[in-house]
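It should be emphasised that the depicted structure is a prediction, and the values quoted were computed from it without experimental measurement.
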Amino acid sequence: MVMGLLLPISTFSMTTLCYCDSKLAFVRCCEPLLKGKLLAQNAEALMRSRYCAYVLGDFQYILDTYSQAKRRDLSLAVLQQDANETQWLALQVESHQLTEPGATVQFSAFYRYDGQLYKLHELSRFIIEEGHWRYVDGQMLDDCGKLRLGRNDSCFCGSNKKFKQCCGKN
């Protein structure tokens, strides 16, 4: 059973918003991909579902959605390193472009680790293998790292709240 925020995924209501920040209900967005009921229709959908898998701790899904070449060098144990201390907070998809032979997705993911806030800004590469979109690798962009937000700055999660009243709460 896949656990989500310490609860089984099956306990989420029909109105719980998806963790990928699509503004859609989880059950209509990424949950069918995570449960294997649907395939990602494009690289952005796969990237969003992989983000949700990180939020929910579904490391088997993450491993399964790597390209075959990358999967050979990975294990569940490697993917789970530091996972218990990481709290994923928000995702912002910036672009999705088809390329030859696959696609790229540029995104920013915000997370808390060891009490500090961080930004992961990546340009990810995806390919289609045997009819499935797969993650190949990503280029970390220059503004990755510790996030420095003032308490009165707007929150990065898109809530339109001040950071201190939203993700800045401990």
Side-chain angles (χ1 to χ4, degrees), residues 1-112 119-138 155-160 166-167:
M1 176 177 295
V2 176
M3 299 298 282
L5 305 175
L6 304 179
L7 296 171
I9 284 180
S10 60
T11 64
F12 292 112
S13 76
M14 295 287 289
T15 59
T16 300
L17 290 179
C18 194
Y19 304 103
C20 77
D21 292 325
S22 66
K23 309 298 185 232
L24 298 172
F26 177 62
V27 298
R28 303 227 184 278
C29 189
C30 291
E31 184 183 44
L33 281 74
L34 294 172
K35 288 187 169 185
K37 293 181 178 180
L38 290 177
L39 296 177
Q41 296 299 303
N42 56 48
E44 181 180 341
L46 181 64
M47 189 279 308
R48 287 180 178 278
S49 69
R50 285 172 54 86
Y51 173 83
C52 289
Y54 275 104
V55 170
L56 297 169
D58 187 350
F59 297 103
Q60 187 63 57
Y61 181 83
I62 295 164
L63 183 63
D64 292 345
T65 55
Y66 268 96
S67 67
Q68 292 173 7
K70 293 290 182 177
R71 206 174 316 139
R72 284 186 217 116
D73 299 326
L74 290 172
S75 68
L76 287 176
V78 168
L79 292 174
Q80 290 171 327
Q81 286 177 343
D82 299 325
N84 291 334
E85 291 89 35
T86 303
Q87 178 189 12
W88 295 96
L89 302 171
L91 175 68
Q92 296 173 353
V93 176
E94 297 161 19
S95 68
H96 171 225
Q97 296 184 342
L98 292 175
T99 61
E100 279 300 321
T104 60
V105 178
Q106 184 172 325
F107 69 93
S108 293
F110 299 88
Y111 64 98
R112 182 172 296 153
K119 177 181 180 179
L120 169 67
H121 193 189
E122 180 175 308
L123 180 63
S124 298
R125 290 188 317 133
F126 296 84
I127 60 171
I128 297 176
E129 289 180 333
E130 300 173 1
H132 295 78
W133 281 100
R134 299 286 186 229
Y135 173 76
V136 177
D137 59 19
C155 193
F156 48 76
C157 73
S159 67
N160 295 322
C166 195
C167 294

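Annotation for Tyr135 and Glu122: closest pair OH-OE2, 2.9 Å, computed over non-hydrogen atoms. Across Cys18 and Ser22, no two heavy atoms sit closer than the pair CB-OG, 3.9 Å. Scanning both residues, Ala40 and Trp133, for their nearest heavy atoms gives O-CD1, 3.4 Å. The two residues Arg71 and Asp64 make their nearest non-hydrogen contact at NH2-O, 3.6 Å. Smallest separation of non-hydrogen atoms from Cys20 and Leu91: O-CD2, 3.5 Å. Counting all heavy atoms, side chain and backbone alike, Met47 lies closest to Val105 at CE-CG1, 3.7 Å.
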Open item on the list: Evaluate Phe107 against Leu120 for side-chain contact (heavy atoms from CB on, under 4.5 Å), listing each step before the verdict.
Closed with: CA-CA 8 Å; Phe107 69 93; Leu120 169 67; 4.2 Å; yes
Open item on the list: Walk me through whether Phe110 and Lys119 qualify under side-chain contact (heavy atoms from CB on, under 4.5 Å).
Closed with: CA-CA 5 Å; Phe110 299 88; Lys119 177 181 180 179; 3.8 Å; yes
- [ ] Could you walk me through whether Gln87 and Leu89 pass side-chain contact (heavy atoms from CB on, under 4.5 Å), step by step?
- [x] CA-CA 6 Å; Gln87 178 189 12; Leu89 302 171; 3.7 Å; yes
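Atom NE2 of His96 is separated from atom OG of Ser124 by 11.0 Å, given to the nearest 0.5 angstrom. Once rounded to the nearest 0.5 Å, the distance linking CG of Leu56 with CH2 of Trp88 reads 12.5 Å. Here Cys30 contributes atom SG and Arg50 contributes atom CZ; the two are 12.0 Å apart, rounded to the nearest 0.5 Å. Taking OG1 of Thr86 as the start and CD of Gln81 as the end, the distance is 11.0 Å to the nearest 0.5 Å. Separating the CG atom in Leu33 from the CG atom in Leu39 is a distance of 7.5 Å, to the nearest 0.5 Å. Put simply, CD on Glu31 and CG on Leu24 are 13.0 Å apart, with the number rounded to the nearest 0.5 Å.
Remark: Arg72 is not positioned above the aromatic ring of Tyr66, lacking an NZ or CZ atom under 6.0 angstrom from the ring centre and at most 45 degrees off the axis.
In this structure, Arg134 contributes its side chain and Glu129 its backbone to no donor-acceptor pair below 3.5 Å. One N or O on the side chain of Gln92 and one on the backbone of Phe156 form a donor-acceptor pair closer than 3.5 Å. Counting only distance, with no hydrogens or angles, the side chain of Arg125 and the backbone of Asp137 share no donor-acceptor pair below 3.5 Å.
Ring geometry for Tyr54 versus Phe59: interplanar angle over 60°, hence perpendicular rather than tilted (30 to 60°).
Phe26 has its ring centre less than 6.0 Å from the ring centre of Tyr19.
A donor-acceptor pair shorter than 3.5 Å cannot be found between the side chains of Ser95 and Gln97.
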